[in-house]
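Reviewing the structure listed below.
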Amino acid sequence: MATQISWTWGVGSAAVAGLAFATGTFAWHRTRQRRQAACTAERERLASERDLAATEAQRRNNALTEQHRLHFDLLCKAMGDATLAAVLDTYEGDVPPERQRQFLFANALYINALHAHRIGAMTLGELHGHLRVMCQNPLFRHYWDATRHHRASLDRSSDEAKLGRMMDRLDRELQEADTDEWWVVGEPPAE
């Protein structure tokens with residue numbers, strides 16, 4: 001009988017150990033499934049946030065592009081009609097109609113480069129290089145000087161104000177440079 005009890009006890013112990021092992025394995029798999037489900041949910045949440053951010057960026061770029069088109073259309077009308085160009089004459093002093101149309105075109109060039117940067121089609125370094133080329137034209141430099149007071153009203157923290165200050169520095173550096181190699185003047189800003 002003692003042998004039989006010890007054998008039963010051994011079988012019972014093995015059964016308990018097997019049950020404990022099975023319970024532990026089940027708990028481990030269940031915990032693993034929960035972790036995987038939590039990771040999957042987090043990945044989906046992050047993907048959703050990225051999609052939302054991308055959609056918002058696309059919406060902003062679309063709005064900027066539409067605003068740019070409207071601005072360009074208005075500038076084109078003003079360049080073609082001196083009576084409309086007179087509405088945009090906010091320069092200090094007299095600016096003859098021909099010069100005013102040139103200023104409007106210079107503005108269109110500058111705003112086009114600014115727009116390309118805003119929508120990500122041009123890096124800040126590329127914009128700097130593009131503006132450096134534009135500064136080689138004396139008419140563009142006259143336009144930039146004639147509109148200095150326009151930029152003074154911008155919010156100092158706005159992108160346009162920051163880029164205007166970058167342009168002011170570049171214009172000043174080009175005027176002060178004692179080299180004919182204008183393409184090396186001015187340090188491109190850090191991205």
Side-chain angles (χ1 to χ4, degrees), residues 52-191:
L52 184 61
T55 300
E56 179 59 26
Q58 185 61 45
R59 187 203 61 75
R60 182 179 183 276
N61 282 352
N62 289 344
L64 283 170
T65 298
E66 186 57 34
Q67 189 276 333
H68 176 70
R69 274 191 203 111
L70 177 60
H71 182 259
F72 187 73
D73 288 346
L74 292 171
L75 284 178
C76 286
K77 287 179 182 183
M79 283 185 275
D81 185 342
T83 61
L84 296 178
V87 174
L88 296 175
D89 186 356
T90 58
Y91 309 105
E92 295 174 348
D94 269 346
V95 177
E98 181 180 333
R99 175 61 56 97
Q100 189 174 11
R101 283 192 297 278
Q102 291 169 337
F103 282 2
L104 292 174
F105 188 75
N107 177 260
L109 291 175
Y110 174 73
I111 294 299
N112 187 58
L114 182 65
H115 173 69
H117 172 66
R118 282 181 171 163
I119 64 167
M122 188 183 293
T123 67
L124 192 57
E126 290 168 332
L127 177 63
H128 185 267
H130 190 74
L131 295 175
R132 183 173 24 210
V133 171
M134 290 168 63
C135 283
Q136 296 311 300
N137 185 292
L139 290 172
F140 183 83
R141 287 196 310 272
H142 288 302
Y143 153 76
W144 192 253
D145 188 52
T147 57
R148 190 167 306 281
H149 67 283
H150 295 176
R151 292 182 301 284
S153 67
L154 295 172
D155 177 358
R156 288 194 52 78
S157 64
S158 72
D159 286 341
E160 191 170 354
K162 290 174 186 173
L163 294 173
R165 288 191 299 275
M166 179 185 80
M167 178 67 184
D168 288 340
R169 274 191 307 277
L170 181 58
D171 183 39
R172 188 175 49 256
E173 289 169 352
L174 284 165
Q175 289 179 23
E176 294 171 356
D178 55 350
T179 180
D180 291 335
E181 297 174 344
W182 56 266
W183 54 92
V184 297
V185 174
E187 276 298 310
E191 292 292 325

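Just so you know, these numbers use all the heavy atoms, side chains as well, and skip hydrogens, waters and symmetry mates.
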To the nearest 0.5 Å, what is the distance between [atom1] ([X]) and [atom2] ([Y])?
X    : Y    : atom1 : atom2 : value
D159 : M166 : CG    : CE    : 11.0 Å
D171 : L131 : CG    : CG    : 10.5 Å
H130 : T123 : NE2   : OG1   : 12.0 Å
N112 : M134 : CG    : CE    : 8.5 Å
Y110 : Y143 : OH    : OH    : 7.5 Å
R60  : T65  : CZ    : OG1   : 10.0 Å

Could you tell me which non-hydrogen atom of [X] sits nearest to which non-hydrogen atom of [Y], and how far apart they are?
X    : Y    : value
T90  : H149 : O-NE2, 2.9 Å
A78  : A85  : O-CB, 3.2 Å
L114 : L163 : CD1-CD1, 2.8 Å

Going by side-chain contact (heavy atoms from CB on, under 4.5 Å), name the residues that satisfy it together with [X], two or more places apart in sequence or in a different chain.
X    : result
D73  : none
N137 : L139, F140
A82  : R101
A116 : A121, M122

Worksheet entry | salt bridge (Lys or Arg N to Asp or Glu O under 4.0 Å) partners of R59, counting only residues at least two apart | E56
Quick one: list whatever passes side chain to side chain donor-acceptor pair (under 3.5 Å) with [X], sequence neighbours left out.
X    : answer
D81  : T83
Q102 : R99
E173 : none
R172 : none

Worksheet item: Applying ring-ring contact (aromatic ring centres under 6.0 Å, His included), which residue pairs with at least one partner in residues 54-102 are found, sequence neighbours left out?
Response: H68-H115, Y91-F103, Y91-H150
Worksheet item: Any salt bridge (charged side-chain N to carboxylate O under 4.0 Å, His left out) pairs touching residues 105-126, not counting sequence neighbours?
Response: R118-E160
Worksheet item: Please, which pairs that meet salt bridge (charged side-chain N to carboxylate O under 4.0 Å, His left out) have at least one residue in residues 135-150, sequence neighbours excluded?
Response: D145-R148, R148-D168
Item to complete: Report, as yes or no, whether the 6.0 Å neighbourhood of atom CG on D155 holds more than 12 heavy atoms from other residues, nucleotides or ligands.
Response: yes
Discussion item. Do N62 and E66 pair up side chain to side chain, a donor and an acceptor below 3.5 Å, judged on atom types alone?
Written reply: no
Response to the item:
The side chain to side chain contact (heavy atoms under 4.5 Å, CB included) partner of L104 among D89, L84, L75 is L75
Practice prompt. Check whether any side-chain heavy atom of C135 lies under 4.5 Å from a side-chain heavy atom of M167, and answer yes or no.
Written response: yes
